[in-house]
Number of protein chains: 2
Amino acid sequence: MTYKYKHEDKALVAVDCIIFGFDQEEEVLKILLIKRDFKPSKGKWSLMGGFLKTNETIDDAATRVLCTLTGLQEVYMEQLSVFSEVDRDPAERTISVAYYALINIGDHKKDLIKKYSAQWFDLSEMPHLIFDHDLMVDHAIKRLKYRISVQPIGFELLPEKFTMRQVKKLYEAILSEELDKRNFVKKIHSMEILERLDEKDKRSSKKGSYLFRVKKDKYRRKMDKEHEFNA
Amino acid sequence: MTYKYKHEDKALVAVDCIIFGFDQEEEVLKILLIKRDFKPSKGKWSLMGGFLKTNETIDDAATRVLCTLTGLQEVYMEQLSVFSEVDRDPAERTISVAYYALINIGDHKKDLIKKYSAQWFDLSEMPHLIFDHDLMVDHAIKRLKYRISVQPIGFELLPEKFTMRQVKKLYEAILSEELDKRNFVKKIHSMEILERLDEKDKRSSKKGSYLFRVKKDKYRRKMDKEHEFNA
DNA sequence: TCAAAAGTGTTCACCGTACACCCATGG
DNA sequence: CCATGGGTGTACGGTGAACACTTTTGA
């Protein structure tokens with residue numbers, strides 16, 4: 001026997017994804033935007049989003065939306081907040097749950113990018129976005145800054161093997177401030193989740209710099225433990 | 001000219017409030033629960049909740065729901081997370097946004113409590129709640145523990161004038177651990193948001209202990225500044 | 001041989017924590 | 001006068017921040 005809540009208003013529920021990637025050539029943080037090919041606001045830049053379906057959770061929806069655009073699964077995502085201003089979407093009452101995702105920019109499928117007229121933007125050169133998406137991006141950046149200072153999530157943005165230089169440039173890009181090399185290396189090592197390989201990357205210097213890799217098991221343990229505290 | 005998103009599923013959107021209060025007699029943290037008087041799960045204990053209306057934001061809805069049960073406005077509330085398991089509400093697909101609220105337990109309207117068959121429960125003696133409300137409460141407690149260690153929100157749970165003893169007991173109740181008196185006082189004073197009054201409260205000792213009050217302006221400034229960073 | 005990036009340690013200030021004694025008062 | 005809770009300061013270890021020189025090697 002089931003009961004229904006009569007006379008209650010229903011709403012469209014959407015998710016929107018702030019997708020971050022780290023461009024290793026330019027050493028800047030980028031964000032993946034799409035050009036909307038439907039109304040309203042057709043032709044304008046927007047976050048990738050989608051509507052919640054009845055048979056999925058909101059986390060599922062966010063994962064699905066991200067995968068649709070990037071082809072990636074098993075991506076680090078975090079729910080930010082609900083955006084629910086009454087007129088945020090001029091077409092119809094829609095509340096949206098914002099998520100941000102950290103991906104290795106080299107991994108995503110190029111054909112999908114084309115299909116959705118998507119494009120990577122330098123954070124400092126982003127166009128204005130539709131609805132309240134600019135606000136969402138602001139939130140995401142703040143949260144990412146905070147999160148990275150507390151948990152080792154930055155490595156989600158890097159390829160499997162990376163140099164300390166890359167890690168440092170990544171943190172600098174996210175925090176938008178210069179960091180001291182020695183203190184930084186010390187801090188990263190104190191996490192105890194990296195192993196140094198015997199290979200060197202000689203692309204950025206004649207001397208070459210050591211490549212590192214995340215120790216997956218230690219990383220997982222650390223994330224789980226800290227998640228407990230932070231919620 | 002408006003457009004509609006045809007063929008998208010709609011959902012009921014609800015808010016649920018974890019309402020915390022600090023019982024000064026028993027020096028324990030309490031939570032306000034209601035006995036549902038409608039189906040499904042009629043007669044079971046539950047968080048106070050309500051459905052989002054088309055003309056309000058989700059924050060508005062949470063504020064409204066809280067006010068309905070307590071008569072209070074201008075209350076500290078924080079959004080926790082969206083709960084959206086497909087079958088969380090057996091009656092109908094409903095997603096719920098959980099909020100927690102901190103109120104001065106002496107302030108709320110007794111008649112409303114009666115009207116909604118509500119009751120304050122000691123955290124350690126809580127009954128099982130309907131749906132995923134137990135989960136929500138867990139989240140709320142974790143977040144509250146974190147938040148109080150970072151921002152001076154504890155005073156939201158106290159009356160206008162309070163003693164250091166009360167503050168300490170409150171923190172101990174939230175963190176569920178004993179704190180060192182001297183270190184605690186030092187920490188509270190280092191926030192620089194309290195002023196000591198000339199009055200003493202003699203109820204809990206013969207010597208009497210000084211009463212303190214929050215300096216509202218400093219408090220606001222501190223909250224705003226820290227909010228910026230934490231998001 | 002030199003330019004450019006890599007790699008590496010020490011010092012200091014501050015903060016959180018551990019810890020114990022005297023004070024005031026009502027009964 | 002004594003039992004009860006109130007009020008207060010110091011010493012230590014750990015953590016984050018400032019800071020400069022040597023190494024490697026391709027050009």
Side-chain angles (χ1 to χ4, degrees), chain A residues 24-27 145-152 154 158 161-213 222 225-226 229, chain B residues 24-27 145-146 148-152 154 158 161-213 222 226 229:
Chain A
Q24 280 136 229
E25 311 304 311
E26 303 177 40
E27 297 178 335
K145 277 187 192 186
Y146 165 70
R147 187 65 64 202
I148 206 177
S149 72
V150 160
Q151 277 177 286
L158 293 171
K161 300 175 184 179
F162 46 84
T163 64
M164 269 298 159
R165 174 204 177 82
Q166 284 177 291
V167 185
K168 176 161 168 285
K169 290 289 182 184
L170 168 63
Y171 272 69
E172 288 175 339
I174 292 174
L175 301 172
S176 20
E177 62 179 308
E178 302 251 308
L179 300 172
D180 177 84
K181 198 183 1 170
R182 284 161 294 182
N183 292 337
F184 183 76
V185 170
K186 223 184 307 169
K187 176 180 159 169
I188 295 295
H189 282 140
S190 76
M191 296 175 181
E192 297 186 305
I193 57 171
L194 295 189
E195 58 182 336
R196 195 175 83 175
L197 307 176
D198 284 331
E199 303 170 63
K200 284 197 163 195
D201 179 338
K202 303 204 116 189
R203 280 174 303 173
S204 69
S205 78
K206 319 191 163 168
K207 187 178 175 182
S209 55
Y210 281 108
L211 285 166
F212 291 82
R213 178 166 48 187
K222 187 153 283 236
K225 207 187 307 171
E226 282 166 16
F229 182 60
Chain B
Q24 280 135 232
E25 310 305 310
E26 304 177 39
E27 297 179 333
K145 277 187 191 186
Y146 165 70
I148 206 178
S149 72
V150 159
Q151 276 177 288
L158 294 171
K161 300 174 184 180
F162 47 83
T163 64
M164 270 297 160
R165 175 206 177 82
Q166 284 177 289
V167 185
K168 176 162 168 284
K169 289 289 182 183
L170 168 63
Y171 272 69
E172 288 175 337
I174 292 175
L175 300 173
S176 19
E177 62 178 308
E178 303 251 309
L179 301 171
D180 178 84
K181 199 182 2 168
R182 284 161 292 185
N183 293 337
F184 182 75
V185 170
K186 224 184 307 169
K187 177 181 159 170
I188 295 296
H189 281 139
S190 76
M191 295 175 182
E192 297 186 306
I193 57 170
L194 295 190
E195 59 181 337
R196 196 174 81 175
L197 307 176
D198 285 331
E199 302 170 64
K200 285 197 164 192
D201 179 338
K202 304 202 115 188
R203 280 175 303 173
S204 70
S205 78
K206 321 191 163 171
K207 185 177 177 182
S209 54
Y210 282 109
L211 285 167
F212 291 82
R213 179 166 46 187
K222 185 151 284 230
E226 281 166 16
F229 182 63

How many whole angstroms separate atom CE of B:M191 from atom C1' of C:dC15? 14 Å
Can you see which heavy atom on B:I188 is nearest to which on B:M164, and at what distance? CG2-CE, 3.6 Å
Interface residues of residues 161-172 of chain B with DNA chain D (non-hydrogen, below 4.0 angstrom): B:R165
Please tabulate, one pair per line, each protein N/O and nucleotide N/O from nucleotides 8-16 of chain D that are separated by under 3.5 Å, including the distance.
| residue | atom | partner | partner atom | Å |
| --- | --- | --- | --- | --- |
| D:dT10 | O4 | B:K186 | NZ | 2.7 |

Provide, to the nearest angstrom, the distance between the CG atom belonging to A:L211 and the P atom belonging to C:dA6. 12 Å
Using modelled atom types only, decide if a donor and an acceptor are shared between the side chain of B:K222 and the backbone of B:I193 within a distance under 3.5 Å. no
Whole angstrom value for the distance that separates C1' of D:dT25 from CG of A:D201: 15 Å
Polar atom pairs between nucleotides 25-27 of chain C and protein, under 3.5 Å, N or O only, would you list them?
| residue | atom | partner | partner atom | Å |
| --- | --- | --- | --- | --- |
| C:dT25 | O3' | B:K206 | O | 3.4 |
| C:dG26 | OP1 | B:K202 | NZ | 3.3 |

A:S176 (side chain) donor-acceptor with A:A173 (main chain) under 3.5 angstrom: no
Using the ring of A:Y210 (Phe, Tyr or Trp, six-membered ring only), decide whether A:K200 places NZ or CZ under 6.0 Å from its centre and within 45 degrees of its axis. yes
Calculate the interatomic distance between A:K187 atom NZ and D:dA18 atom P; express it in whole Å. 13 Å
Starting at atom NZ of B:K200, determine the distance to atom C1' of D:dT4, rounded to an integer number of angstrom. 14 Å
Rounded interatomic separation in angstrom, taking CD from B:E177 and P from C:dG16: 14 Å
Quick one: B:I188 CD1 to C:dT17 P, roughly how many Å, whole number? 13 Å
NZ-CZ distance between A:K161 and A:R213, expressed to the nearest 0.5 angstrom: 6.5 Å
A:S209 versus A:T163, closest heavy-atom pair with distance: OG-CG2, 3.3 Å
Is there side-chain contact between B:L179 and B:E177, with heavy atoms separated by less than 4.5 Å? yes
Where does the angle between the aromatic ring planes of A:F212 and A:F162 fall among parallel (under 30°), tilted (30 to 60°) and perpendicular (over 60°)? parallel
A:P152 and A:M191 have their tightest heavy-atom pair at CB-SD, 3.8 Å
B:L211 side, atom CG; B:D198 side, atom CG - distance, nearest 0.5 Å: 10.5 Å
Calculate the interatomic distance between A:L179 atom CG and D:dA18 atom P; express it in whole Å. 10 Å
From the list A:R165, A:E172, A:Q166, side-chain contact (heavy atoms from CB on, under 4.5 Å) partner of A:E27 resolves to A:R165
